[in-house]
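Each remark here refers to the structure printed beneath this line.
Order of the sequence lines sets the chain letters (A, B, ...), proteins ahead of strands, with each chain counted from 1.
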Protein chains: 2
Amino acid sequence: MGDSAAFTERELDIMSVLWRLGSGTVSEVRAELADQPGYTTVLKMLQILEEKGLVRHEEEGRAYRYHPLVEPDEAGGHALRRIVDKIFHGSAELALARLVSERPLRAEEVERMKALLDEAALREGEAE
Amino acid sequence: MGDSAAFTERELDIMSVLWRLGSGTVSEVRAELADQPGYTTVLKMLQILEEKGLVRHEEEGRAYRYHPLVEPDEAGGHALRRIVDKIFHGSAELALARLVSERPLRAEEVERMKALLDEAALREGEAE
DNA sequence: ATCTGTCTACGATGTCCTTCGTAATTTTCG
DNA sequence: CGAAAATTACGAAGGACATCGTAGACAGAT
């Protein structure tokens, strides 16, 4: 235990870019950040993320290419569990209520989400 | 803008207690924390939360009673939006997939969640 | 009156976050 | 070759986070 601290703001920014791109050099990551911090700032953050075991790097020419070592699903699971537990009293239902009120959903998306719930209900049914 | 920074770990712990209890004195909040930090630590955190405008206090006998000034829905909305945007590429569907795989859901809960989605779809339909 | 327990106020501390400057290295280009 | 550009390494610095110790105020009991 004790391994899973929440991402800080900047760490999340950077991990988000790596998840989206698959991998990235310092320059590539920096170019994707909305407010562009100094080059060495991004480098430093990546070095710290590497110390924490959240990314690794390999050499690519002169530069390093960084790869994420945690999956978005895993990170998202931790983050969601934390929020549901601490803010929504453990209720996935309340969290979903807020989630759907946050942003408009397309009709197809709603259908797929209902299908997800059906699958979940099915798995539960089988378990008994 | 710039008002909504994510809660830190301890801040969230404490806000969570206040949301659950409705309000609390330092002692009451402290008693609810899993690992009990020193009394003055909890007091200090509440004072800092007050500086940030997240709680207020009123006198109650000799002690202060602290009240949350942000609603869990509001805080949860920010937190969910942050996670969905940065980790799930803005997809509520992916977030829900992870949410339902995190913990088992009761059948009635699944039904109510589907109803929530229907309502959301309805609102969308009306909008056009 | 004084002692004891509970409370707030204040300041110190150590760690982490985030920023970046500077130096050293290497490649590339004129 | 020598200058310029891109890169990593290192360390410093300011601020926030989270911890607590100590001091002072006050109420209640003896």
In this structure, how many angstroms lie between the P atom of C/dT19 and the CG atom of A/L49, rounded? 12 Å
Side-chain contact, heavy-atom cut-off 4.5 Å: B/I87 with B/L94? no
Please report the interatomic distance CG(B/L99) to CG(A/L117), rounded to the nearest 0.5 Å. 9.0 Å
Expressed in angstrom and rounded to an integer, what is the separation of A/F7 atom CZ from C/dC17 atom P? 12 Å
Any donor-acceptor N/O pair, B/E50 side chain to B/H57 backbone, under 3.5 Å: yes
Tell me whether A/L33 shares a hydrophobic cluster with A/V55, the cluster being built from Ile, Leu, Val, Met, Phe, Trp, Tyr side chains joined at under 4.5 Å. yes
Give B/I48 one of three labels, base, sugar-phosphate or nothing, depending on what nucleic acid heavy atoms sit under 4.0 Å from its own. nothing
Separation of B/E9 atom CD from C/dC16 atom C1', in whole Å? 14 Å
Return no unless some side-chain N or O of A/Y64 is found under 4.0 Å from OP1 or OP2 of D/dA9. yes
Check the phosphate of C/dT6 against B/Y39, side-chain N and O only, distance under 4.0 Å to OP1 or OP2. Yes or no? no
In whole angstrom, give the distance that lies between atom CD of B/Q36 and atom P of D/dC20. 11 Å
Of the candidate nucleotides D/dT8, C/dT8, D/dT19, which contains the atom at the shortest distance from the side chain of A/T40? D/dT8
Could you state the CE-P distance from A/M45 to D/dG11, rounded to the nearest angstrom? 19 Å
note: B/E11, atom CD; D/dT19, atom P; distance rounded to Å ~ 11 Å
Testing the 3.5 Å rule here: is there a donor-acceptor pair between the side chains of B/R65 and B/S23? yes
Provide, to the nearest angstrom, the distance between the CD atom belonging to B/E51 and the C1' atom belonging to D/dC17. 13 Å
Closest to side chain of A/R62, choosing from C/dT27, C/dA9, C/dC17: C/dT27
Is the shortest side-chain heavy-atom distance between A/M15 and A/W19 below 4.5 Å? yes
Mind running a 4.0 Å heavy-atom check of residues 19-31 of chain A against DNA chain C and sending the residues that fall below it, in number order? none
Side-chain contact check for B/Q47: nearest option of C/dA9, C/dC17, C/dC7 is C/dA9
Looking only at the side chain of B/T41 (C-beta and beyond, no hydrogens), which of the listed nucleotides D/dT19, C/dT22, C/dA9 gets closest? D/dT19
I want to verify a distance call: between D/dT7, C/dA9, D/dA9, whose nearest atom is closest to the B/L43 side chain? C/dA9
Euclidean distance, atom CD of residue B/E59 to atom C1' of D/dA27 [Å, nearest integer]: 14 Å
OP1 or OP2 of D/dC17 versus the side-chain N and O atoms of B/K52: is any pair under 4.0 Å? yes
If you draw a 6.0 Å radius around CD in B/E71, do more than 12 non-hydrogen atoms from other residues or ligands fall strictly inside? no
